[in-house]
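Below, all heavy atoms of this structure are taken into account, side chains as well, without hydrogens, waters or symmetry copies.
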Amino acid sequence: MKKSVIDTIKKHIEGDFVLEKPKDNSFGHYATPLAFSLAKELRKSPMIIADELCLKFDDEVIFESTTAIKGYINFKLSDDFLNAKTTQAIKDNLNFAKGDKNESILLEYVSANPTGPMHIGHARGAVFGDTLAKVGKHLGYKITTEYYVNDAGNQIEMLGLSVLLAGQDRYTDVKVNWPEEYYRGEYIYDLCDVAKDEFGVEIFNDKSNIPKLSSWGKDKMLELIRANLAMADIEFENFVSEKELFELWDKSYEKLKDRDAVFEQDGKIWLKSSECGDEKDRVVVREDGRPTYLAGDIIYHDDKFQRSYDRYINIWGADHHGYIARVKAAVHFLGYDENKLEVILSQMVALLKGGEPYKMSKRAGNFILMSDVIEEIGSDALRFVFLTKKSDTHLEFDVDLLKQQDSSNPIYYIQYAHARINQIFQKSGKSVDDIIDVNLDNLDEDSRNILFLALILPEVLEDSFESRQLQKLTEYLRNLAASYHQFYNKHKIVGSENEEQLLKLSAMVATSLRVGLSLMGIEAKVKM
RNA sequence: GUCCUCGUAGCUCAGCUGGAUAGAGCACUCGAUUCCUAAUCGAGAGGUCACGCGUUCGAAUCGCGUCGAGGACACCA
């Protein structure tokens with residue numbers, strides 16, 4: 001809709017201009033402060049310029065009026081225009097607000113180590129990534145979602161060791177000497193129970209079985225992670241194995257050598273990342289020939305860029321922030337445009353329950369489990385709360401507040417608005433088909449405002465996605481729901497003179513709520 | 001020490017490509033149900049946008065500085 005307005009204005013005005021929404025919507029639907037910036041150039045007062053410019057739009061049918069107020073030029077859309085948009089949107093239903101962006105994007109997120117269950121911090125990145133993908137796809141972006149499985153490296157061996165020791169502790173007479181570092185938590189014991197059933201208790205006798213237990217345990221943990229994700233309706237298109245990629249190390253290494261991006265010193269191989277904005281050079285291969293974690297990411301990003309997407313988005317935990325520079329440096333050295341790589345950081349989450357810190361799960365080894373929280377408050381509430389805040393700011397929330405089923409819980413508030421509209425239709429005995437062709441003319445100010453609000457979903461989605469700030473969508477839906485609740489209390493719909501018009505307007509609101517909620521992965525209830 | 005993120009109502013946070021009188025929710029006070037679900041709505045109260053300087057027609061928004069909070073600074077992943 002905004003696009004139609006911009007295109008229309010461009011017919012009459014040259015150059016760029018800012019189009020915004022007036023604070024007070026009695027002024028109009030859109031406004032521009034253009035006259036202020038022209039004032040200097042034209043040596044006239046902004047008020048006079050605005051008055052003159054307004055006249056140019058008299059003949060445009062999409063505007064009911066164009067008025068100059070205190071230097072701002074305000075555009076009010078016509079009923080015909082709004083009506084046409086509404087009819088189409090209601091017909092489109094879940095396809096409303098679809099876009100025609102065509103860019104391809106590889107979106108990598110979560111990528112939690114397969115050494116244990118998902119905790120609440122992972123869940124935030126997971127929900128954010130999943131929703132970003134849903135919104136992006138709706139806008140037409142070709143998005144592939146990917147999970148990078150860190151199945152190489154010490155931590156996998158440590159998983160095997162932990163299972164072995166837990167098995168010895170539980171099923172043998174061996175007195176276990178616990179090392180300084182190993183995975184704690186009941187889930188390791190659960191895992192050793194399963195290992196015992198599958199392999200027999202002998203598996204715990206010999207340390208030479210560690211590699212076998214490692215690889216087996218990693219697969220089990222990946223299953224667990226997938227199950228955790230599924231609880232929040234999150235699925236990935238690709239899982240990429242770090243271990244398998246390592247076979248391609250030689251190729252990536254050759255590339256780096258050819259580009260003079262690496263050097264040897266003290267028996268190690270270093271990446272000259274400091275030449276590309278990193279603080280210092282980084283080791284990629286250790287003295288003993290084992291590649292570092294960075295080497296894995298070099299291969300992975302080499303692989304990603306060879307698949308030639310238009311853009312690459314990684315969602316990482318905020319603790320990886322220092323890591324961005326070196327990966328970008330690597331991408332640059334590999335001969336790709338590092339500006340195509342974008343990293344979104346997902347900040348930590350602090351959970352409260354009844355005002356007190358949420359109890360850590362002993363099962364998990366002192367983490368808060370994603371599965372525990374979902375069992376307690378449900379997937380909808382979890383998704384919602386993560387989507388109300390920017391991903392890169394700290395988030396604190398109280399699970400008890402999300403369990404309350406009243407106005408203090410915004411998710412019910414939005415769902416109630418949607419349910420309410422369905423109930424109104426039921427009461428009226430009419431269906432959407434009955435009212436779709438009603439003409440929305442001579443609407444009062446309230447009706448027109450709420451209709452307009454429901455119609456701007458496309459620009460809200462676009463803004464949310466482009467700025468990677470999904471809280472804008474959440475905020476919008478809350479506003480739309482609030483406006484509708486207000487409207488409902490003020491206006492009787494069923495049985496009123498213009499019942500059909502008001503039903504159509506309600507159907508429009510429901511459409512936007514439904515599309516918005518579905519993109520957030522939240523159920524739009526028809527009855528509560 | 002260096003770098004990031006942040007500082008807005010009692011609390012949790014929006015707003016930040018500079019724009020009209022700084023917003024929402026919660027909490028608090030008062031009010032609304034013979035009438036489409038009161039899981040709702042209305043009204044009230046609540047602000048030095050951390051502080052200072054600068055940029056300009058205009059700054060919560062941009063720049064510099066100060067103070068404060070959290071985080072990152074591996075040959076671990």
Side-chain angles (χ1 to χ4, degrees), chain A residues 18 20 22-24 27 31-37 39-40 45-46 69-72 74 111-113 115 150-156 158 181 242 266-270 278-280 282-288 290-297 317-325 345 347-348 350 352 355 385 388-390 392-398 401 404-417 419-428 467 469 471-472 474-475 478-479 481-482 484-496 499 502-503 506 525 527-528:
Chain A
V18 176
E20 55 193 30
K23 284 245 165 78
D24 182 342
F27 291 153
T32 177
L34 175 68
F36 291 97
S37 46
K40 211 175 198 175
S45 103
I69 302 168
K70 282 158 74 179
Y72 285 84
N74 296 279
S111 299
N113 282 345
T115 54
N150 297 128
D151 52 3
N154 297 336
Q155 84 280 6
I156 295 298
M158 201 156 89
E181 282 195 61
E242 178 186 11
D266 309 327
K268 302 156 211 176
I269 297 168
W270 301 70
D278 198 6
E279 288 166 20
K280 52 185 209 171
R282 308 287 175 176
V283 174
V284 287
V285 181
R286 303 175 180 93
E287 257 173 296
D288 59 12
R290 283 157 53 234
T292 63
Y293 181 70
L294 178 58
D297 251 325
D319 54 338
H320 282 60
H321 139 265
Y323 201 74
I324 298 172
L345 295 180
Q347 259 295 358
M348 313 223 292
L352 301 173
V385 72
T388 56
K389 304 285 187 291
K390 277 188 281 207
D392 62 352
T393 57
H394 293 263
L395 169 69
E396 184 179 286
F397 71 94
D398 195 313
L401 289 180
Q404 292 174 23
Q405 306 212 346
D406 59 25
S407 60
S408 64
N409 190 344
I411 185 170
Y412 284 98
Y413 186 82
I414 297 172
Q415 284 174 327
Y416 183 41
R420 189 164 241 182
I421 293 168
N422 278 275
Q423 295 304 303
I424 290 172
F425 264 91
Q426 282 222 335
K427 195 90 183 175
S428 75
S467 64
Q469 297 191 4
Q471 84 279 358
K472 291 182 177 178
T474 320
E475 185 66 16
R478 221 182 43 72
N479 273 332
Y484 192 78
H485 286 311
Q486 279 168 31
F487 188 83
Y488 173 90
N489 273 274
K490 214 165 146 187
H491 304 271
K492 175 93 178 151
I493 296 172
V494 177
S496 73
E499 175 183 303
L502 297 184
L503 282 174
S506 300
K525 300 194 166 159
K527 195 176 164 139
M528 295 179 76

Tell me, do A/Q471 and A/K389 make a side-chain contact under 4.5 Å, heavy atoms counted?
no
Taking the same atom, C1', in B/G10 and in B/G19, what whole-Å distance lies between them?
31 Å
B/A20 pyrimidine/purine six-ring stacking with A/Y72, under 5.5 Å and 30°
yes
Categorize A/K492 for me: base, sugar-phosphate, or nothing, with a 4.0 angstrom heavy-atom threshold over every strand shown.
base
Euclidean distance for P, B/G52 against B/A60 (whole angstrom)
12 Å
When you compare the side chain of A/L502 with that of A/S496, does any pair of heavy atoms fall below 4.5 Å?
yes
Output yes when at least one side-chain N/O atom of A/R420 is less than 4.0 Å from OP1 or OP2 of B/A38, else no.
yes
Should the side chain of A/D319 and the base of B/A77 be counted as holding a donor-acceptor pair, with the cut-off at 3.5 Å?
no
Between C1' on B/G71 and CD1 on A/I324, what's the gap in Å once rounded to a whole number?
13 Å
Quick check on B/G15: is either OP1 or OP2 less than 4.0 Å from any side-chain nitrogen or oxygen of A/Q469?
yes
Can you tell me if the side-chain N/O atoms of A/N154 get under 4.0 Å from OP1 or OP2 in B/A77?
yes
Counting any heavy atom closer than 4.0 Å, what does A/A152 reach on the DNA or RNA strands: base, sugar-phosphate only, or nothing?
sugar-phosphate
Using a 3.5 Å limit on both distances, find every run of at least three consecutive Watson-Crick or G-U pairs that involves RNA chain B.
B:1-7 with B:67-73, B:10-13 with B:23-26, B:28-32 with B:40-44, B:50-54 with B:62-66
Within this structure, what is the CG-to-P distance between A/L294 and B/A74, rounded to whole angstrom?
13 Å
Need one value for A/K490: base, sugar-phosphate or nothing, where a base atom within 4.0 Å counts as base even if backbone is also close, heavy atoms only.
nothing
Flag side-chain contact, heavy atom, 4.5 Å: A/K525 against A/Y416
no
Between A/R478 and A/E475, does at least one N-O distance fall below 4.0 Å, as a salt bridge requires?
yes
How many Å lie between OH on A/Y416 and C1' on B/U40, as a whole number?
5 Å
Could you state the atom-to-atom distance from CG of A/N489 to P of B/U37 in whole Å?
12 Å
Could you please name the option among B/A20, B/C36, B/U37 that lies closest to any side-chain atom of A/I69?
B/A20
Minimum heavy-atom separation for A/D151 and A/E242, please, with both atom names.
OD1-N, 3.1 Å
C1' gap between B/G7 and B/U12, integer Å
14 Å
For atom CD1 of A/I411 and atom P of B/G25, their distance in whole Å
18 Å
On a whole-Å scale, what distance lies between the P atoms belonging to B/U21 and B/G58?
15 Å
Using the closest heavy atom to pick a nucleotide of RNA chain B for each, name whichever of A/N113 or A/F487 lands nearer the 5' end.
A/F487
Can you give me the closest heavy-atom contact between A/A325 and A/D278, atom names plus distance?
CB-OD1, 3.7 Å
Rounding to an integer number of angstrom, what distance separates B/U8 and B/A69 when you compare their P atoms?
14 Å
Treat primed atoms plus P, OP1 and OP2 as sugar-phosphate and everything else as base, then score nucleotides 4-13 of chain B 5' to 3': B for base contact with protein heavy atoms under 4.0 Å, S for sugar-phosphate contact only, - for none.
SS------SS
Side chain A/N113, main chain A/T115, donor-acceptor under 3.5 Å:
no
Atom CZ of A/R478 and atom C1' of B/G23 are separated, to the nearest Å, by 10 Å
Here the distance between atom C1' of B/C26 and atom OH of A/Y412, to the nearest Å, is 17 Å
Categorize A/Q423 for me: base, sugar-phosphate, or nothing, with a 4.0 angstrom heavy-atom threshold over every strand shown.
base
Tell me what A/N422 touches on the nucleic acid: a base, only sugar-phosphate, or nothing, going by heavy atoms under 4.0 Å.
nothing
Check the distance between B/A27's C1' and A/D398's CG and give it to me in whole angstrom.
13 Å
A/Y323 side-chain N/O to B/C73 phosphate OP1/OP2 under 4.0 Å:
no
With a 4.0 Å cut-off on heavy atoms, is A/E279 in touch with a base, just the backbone sugar-phosphate, or nothing at all?
sugar-phosphate
Using OP1 and OP2 only, check whether a side-chain N or O of A/Y413 sits under 4.0 Å from B/C26.
no
Geometric cation-pi criterion A/R420 and A/Y484, 6.0 Å radius, 45° cone:
no
